[in-house]
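Here is the structure we will look at.
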Number of protein chains: 2
Amino acid sequence: MTASQEMLKADKTTDDKSRVRLWLRLLRASRAIEGELRERLRTTYNVTLPRFDVMAALYREPEGMLMSQLSKYLMVSNGNVTGLIDRLTTDGLVQRTLRDGDRRTSVVLLTKEGRENFEQMAASHREWINELLSHFSPDEAESLAETLKVFASDWEGEAR
Amino acid sequence: MTASQEMLKADKTTDDKSRVRLWLRLLRASRAIEGELRERLRTTYNVTLPRFDVMAALYREPEGMLMSQLSKYLMVSNGNVTGLIDRLTTDGLVQRTLRDGDRRTSVVLLTKEGRENFEQMAASHREWINELLSHFSPDEAESLAETLKVFASDWEGEAR
DNA sequence: TTAAATTATTTCAAATATAAAATATCTAAG
DNA sequence: CTTAGATATTTTATATTTGAAATAATTTAA
């Protein structure tokens, strides 16, 4: 093995540890927060986290979203979205509407009840996040968010 | 509304935005990475991510772990762990052994096959993480990991 | 000792999740 | 027009996940 190969290997190993550690921390942080939010949504509003996530996505788009848009935005499979929307529709929180041009697609949007329902939950949700992330000052939060921004565009864009 | 109440409300709103944005970024980052790792584990080793996670936890503890320890460490429900261990046991990667003192508990550990199997996957897993987090320098990764460390101990400890 | 409370795990039902296959529709080349 | 390919969604089979209830074993307290 050449000296430069040795060097390469040494660097690689160093990188390994810090990046793997970062990933494990990232994963634990999001699992911990997600678990806490799931629990609070359930006990306070009797709603599951996936349903809340879908409603949050739809709330941001008053014109509605396609199933495929929802799937991509939430980073879950198509079949998963179908089931979630089915159940939310049954409960009158969401509705599917036909589109003019393309009969393959249907636009999904919140019903009036769904919108009102979500607004209540969203207020609590914001407060809970502020509580759970209170360890970070607004400035720290801003800066950390900026650091993590890369994942929304970097390799994700081309890979998916 | 008094002046101090106005002030309070203004601060609250500011905090809201940055911390919520941070949470959404954190969530998207971990979902993106998790999805990519899941896909690669599936196509390369025909293993699911939850099974890999269980094996990773057990690999760190050669003496084995209790079901409840696994559940707490992975932050998933008890019932979930039971099913995963059942399937891993069926496939010969994991085994349950009786304990001397307490007949309610059983110690779960990797079989020789499970250990060898995991070592192969873990090497790829490390490389993939370094690739996916290559945007961060080792120093940045180290520092970011330190920042996120708080979630492993802060409010999580008392809440669960 | 014995009943009550606690602890560890499993079982259960329902929801969520994935990936692959099937279905339906649209688009475009000829 | 017609058909091959692309696109959007649903269906299917299986696995994962949760939370609650059930089971089993241990510990505690009277």
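Note on naming: letters A, B, ... go to the chains in the order of the sequence lines (proteins, then strands), and numbering restarts at 1 for each one. Computed from a predicted structure; not experimentally measured. All heavy atoms count here, side chains included; hydrogens, waters and symmetry mates do not.
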* B:I85 with B:L109, same ILVMFWY side-chain cluster at under 4.5 Å -> no
Heteroatom pairs (N/O) under 3.5 angstrom, protein to nucleotides 20-23 of chain C:
unit_1, atom_1, unit_2, atom_2, d
C:dA20, OP1, B:R42, NH1, 3.2

What does [X] touch in the nucleic acid at a heavy-atom separation under 4.0 angstrom: a base, only the sugar-phosphate, or nothing?
{"X": "B:R96", "result": "sugar-phosphate"}
{"X": "B:S71", "result": "nothing"}
{"X": "A:T82", "result": "base"}

* How about A:F52 and A:F118: are their ring centres within less than 6.0 Å of each other? -> yes
* **Among D:dT17, C:dT9, D:dT10, the one nearest B:S77 by side-chain distance** => D:dT17
* Asked: Could you give all pairs that pass the salt bridge (charged side-chain N to carboxylate O under 4.0 Å, His left out) test and reach residues 46-58 of chain A, with sequence neighbours left out?
  -> A:R51-A:D91, A:D53-B:R31
* Asked: Is the distance from OP1 or OP2 of C:dC26 to the nearest side-chain N or O of A:R103 less than 4.0 Å?
  -> yes
For the pair made of [atom1] in [X] and [atom2] in [N], what is the distance, rounded to whole Å?
{"X": "A:L98", "N": "D:dT9", "atom1": "CG", "atom2": "P", "result": "12 Å"}
{"X": "A:N46", "N": "D:dA20", "atom1": "CG", "atom2": "P", "result": "10 Å"}
{"X": "A:D86", "N": "C:dA17", "atom1": "CG", "atom2": "P", "result": "14 Å"}
{"X": "B:E34", "N": "C:dT16", "atom1": "CD", "atom2": "P", "result": "18 Å"}
{"X": "A:K72", "N": "D:dT9", "atom1": "NZ", "atom2": "C1'", "result": "14 Å"}
{"X": "B:R31", "N": "C:dA17", "atom1": "CZ", "atom2": "P", "result": "8 Å"}
{"X": "B:R38", "N": "C:dA19", "atom1": "CZ", "atom2": "C1'", "result": "11 Å"}
{"X": "A:I85", "N": "C:dT16", "atom1": "CD1", "atom2": "P", "result": "11 Å"}

Validation row: [X], [Y] side chains within 4.5 angstrom (heavy atoms):
{"X": "B:I33", "Y": "B:I129", "answer": "no"}
{"X": "A:M65", "Y": "A:L58", "answer": "yes"}
{"X": "B:N78", "Y": "B:M67", "answer": "no"}
{"X": "A:E140", "Y": "A:H135", "answer": "no"}
{"X": "B:E61", "Y": "B:Y73", "answer": "no"}

Any protein N or O atoms within reach of nucleotides 14-16 of chain D? Criterion: under 3.5 Å, listing atom names and distances.
unit_1, atom_1, unit_2, atom_2, d
D:dT16, OP1, B:T48, OG1, 2.8
D:dT16, OP2, B:R87, NE, 2.2
D:dT16, OP2, B:R87, NH2, 2.6

* **Residue that, paired with A:T89, satisfies side chain to side chain contact (heavy atoms under 4.5 Å, CB included) out of A:V108, A:V94, A:T111** => A:V94
* Asked: Between A:D102 and A:V81, which has a closest nucleotide on DNA chain C that is more 5'?
  -> A:V81
* **Within residues 57-70 of chain B, residues whose heavy atoms come under 4.0 Å of DNA chain D** => none
* Polar pair under 3.5 Å, donor/acceptor by atom type, side chain A:R104, base D:dT9 -> no
Would you list the atom pairs, donor with acceptor, under 3.5 Å between side chains in residues 141-148 of chain A and any protein atom, with sequence neighbours excluded?
unit_1, atom_1, unit_2, atom_2, d
A:E142, OE1, B:R21, NH2, 3.3
A:E142, OE2, B:R21, NE, 3.3
A:E142, OE2, B:R21, NH2, 3.0
A:T147, OG1, A:S143, O, 3.0

* Is the shortest side-chain N to carboxylate O distance from A:K112 to A:E116 below 4.0 Å? -> yes
* Set of side-chain contact (heavy atoms from CB on, under 4.5 Å) partners for B:L66, sequence neighbours left out -> B:S68, B:Q69, B:R99, B:T105, B:V107
